[in-house]
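Reckoned from all heavy atoms, side chains included, excluding hydrogens, waters and symmetry mates.
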Number of protein chains: 2
Amino acid sequence: MATEAVENYLKAILTLSQESDAADATITRIAAVVGVTPSTATTMVKRLDRAGLARYERYGAVRLTAKGRRAASDVLRRHRIVELFLVQIVGLDWSEVHAEAERLEHAISPRLLDRLDEMLGRPRSDPHGDPIPDADGRSDHARPGPITACAPGAHAAVARVLDQGAEFLQFLARAGLTPGTRVAVVAIDSIAGSITLKPEGRTALTLSLPVAQRILVTPAF
Amino acid sequence: MATEAVENYLKAILTLSQESDAADATITRIAAVVGVTPSTATTMVKRLDRAGLARYERYGAVRLTAKGRRAASDVLRRHRIVELFLVQIVGLDWSEVHAEAERLEHAISPRLLDRLDEMLGRPRSDPHGDPIPDADGRSDHARPGPITACAPGAHAAVARVLDQGAEFLQFLARAGLTPGTRVAVVAIDSIAGSITLKPEGRTALTLSLPVAQRILVTPAF
DNA sequence: TCTAGGAGTTTGATGAGTCAAACATTCCGC
DNA sequence: GCGGAATGTTTGACTCATCAAACTCCTAGA
């Protein structure tokens, strides 16, 4: 189990990368969210990298690995369920619950969490509209959509492929575009009708937009 | 605010010194309760002394100062209210809540604690019979009272018997209700004017309330 | 009264988490 | 494309919490 501090960094990185304006999770921003100095954040992010929870290179942006994303989702889930519980069952005010949940989220067992979730009727989002990741770390936030809807520069995870033809699937497999794979959208050229993708650990490739449209992705954090 | 570790040491010292058999809070015992090695406990107890929370001299017993007792009481109060809350409101089983409360007690704010206390009707003891210190750190601890004042389901230890008649005492001895014995209050039927008790290791028995009133007990841990 | 062994202490080490200050790199505006 | 501002990194230091190993103290029984 990750320490409290590690959980806080993971959560910070996840929420930063989820922010609409596609802001990278940079050291300074992470430090600001967690409430430490940049030097501390640097040290910690290195630890996350060593632990396989994030990927990071000097002067580069920080990205969570699948494992890190899973862990961060879990923290977020705990946070939001606790918040909702404190408001709906205990009757605290929304203004008070954030700070409270900030501490309780690290102390709650899976068993108790599930019980609270049950009492609340297994909510899918909190009243802020923030999605509550399910017990498997998935959140509605990321309803899969065609990769062609991603902004250039975005990262996503392949979720589903609509074309079931063997030839197409084999092509995707060779390219490294299997479900679960992270992929970066390098460029979209609507005039040429093409999209350039770079699957993690592979070389980039260019597809036609109609073909790419059959590849559904969820935004990656 | 004391760290989590400090709170755990304080709690350990308080419960050790409260134990009926007048056992001193020694380093080895504290270490065992907290779950660390004696060398660690020595180091920590020195810190408690420096912080004015405990008094301690080399090779001597550890005693809490007023300030330390106050802080320890507070931890105990948080622990027991959380336990009670988890059982009565959340519906967890008694067997599960101790470990949970062990972590939550360090993460709960005064505001939330008070709210839980309110939801529970400001209880004075938990179903184990453990007293819940009030917000000022005072606890009913161990003032013996008639067993008829216990809540059904409570556990207690026989402290004193007011009726000195031999016949009555012999009856109690045969039933297993000797001072020091732990006893569970199974049921109280005020209409029938009877109380059903189950001394530890014996079969249950039913007494009339006027008779039972002469049996004084202390809440058991 | 002497001593064996249990209880307690000290020492030196470690890892987590943090900061300030000095240094390095990157990026943006001209 | 250059230079300063913004950003990021390194270094050295500190506290908290912990342990193992070596040591010291105390006491109960022969």
Taking CG from Asp24(B) and C1' from dT27(D), how many angstroms apart are they, rounded to a whole number? 15 Å
To the nearest Å, give me how far apart CD (Glu7(B)) and C1' (dA17(D)) are. 15 Å
Report yes if a side-chain nitrogen or oxygen of Thr3(B) is closer than 4.0 Å to either non-bridging phosphate oxygen (OP1 or OP2) of dC16(D); otherwise report no. no
If only side-chain N and O atoms of Thr40(B) are considered, is one of them under 4.0 Å from the OP1 or OP2 phosphate oxygen of dT18(D)? no
Yes or no on side-chain hydrogen bond (donor to acceptor under 3.5 Å, both in side chains) for Thr40(A) and Thr43(A), after CA distance, side-chain angles and deciding distance? CA-CA 5 Å; Thr40(A) 303; Thr43(A) 312; 5.9 Å; no
Does any N or O donor sit under 3.5 Å from an N or O acceptor when you compare the side chain of Ser39(A) with the base of dA20(C)? yes
Closest-nucleotide mapping onto DNA chain D: is Tyr9(B) or Thr42(A) further toward the 5' terminus? I mean the 5' end. Thr42(A)
Side-chain N or O of Arg47(B) versus OP1/OP2 of dA17(D): is the shortest distance under 4.0 Å? yes
Taking only side-chain N and O atoms of Lys46(A), does any of them lie within less than 4.0 angstrom of OP1 or OP2 on dT10(D)? yes
Please state whether the phosphate of dT10(C), meaning OP1 or OP2, lies under 4.0 angstrom from any side-chain nitrogen or oxygen of Arg58(B). yes
What is the distance, rounded to the nearest whole Å, between atom CD1 of Ile30(B) and atom P of dG8(C)? 9 Å
I need the CD-C1' distance between Glu4(B) and dA16(C), as an integer number of Å. 14 Å
Grab the CZ-P distance between Arg50(B) and dC16(D) for me, whole Å please. 8 Å
Test item: Asp49(A) side-chain N/O and Tyr56(A) main-chain N/O as donor-acceptor pair under 3.5 Å: yes
Round to the nearest Å and state the distance from His106(A) atom NE2 to dA16(C) atom C1'. 15 Å
In this structure, are over 12 heavy atoms from other groups packed under 6.0 Å from Arg63(B) atom CZ? no
Please give, in whole Å, the distance from dT25(C) P to Tyr56(A) OH? 13 Å
Taking atom types as modelled, is there a side-chain donor on His106(A) or Glu4(A) under 3.5 Å from an acceptor on the other? no
Please state how far atom CE in Met44(B) lies from atom C1' in dT10(C), giving the value in whole angstrom units. 18 Å
Need to verify one output field. Residue with the more 5' nearest nucleotide on DNA chain C, Tyr59(A) or Val6(A)? Val6(A)
Does the pair Asp134(A)/Arg122(A) count as a salt bridge with the N-to-O cut at 4.0 Å? no
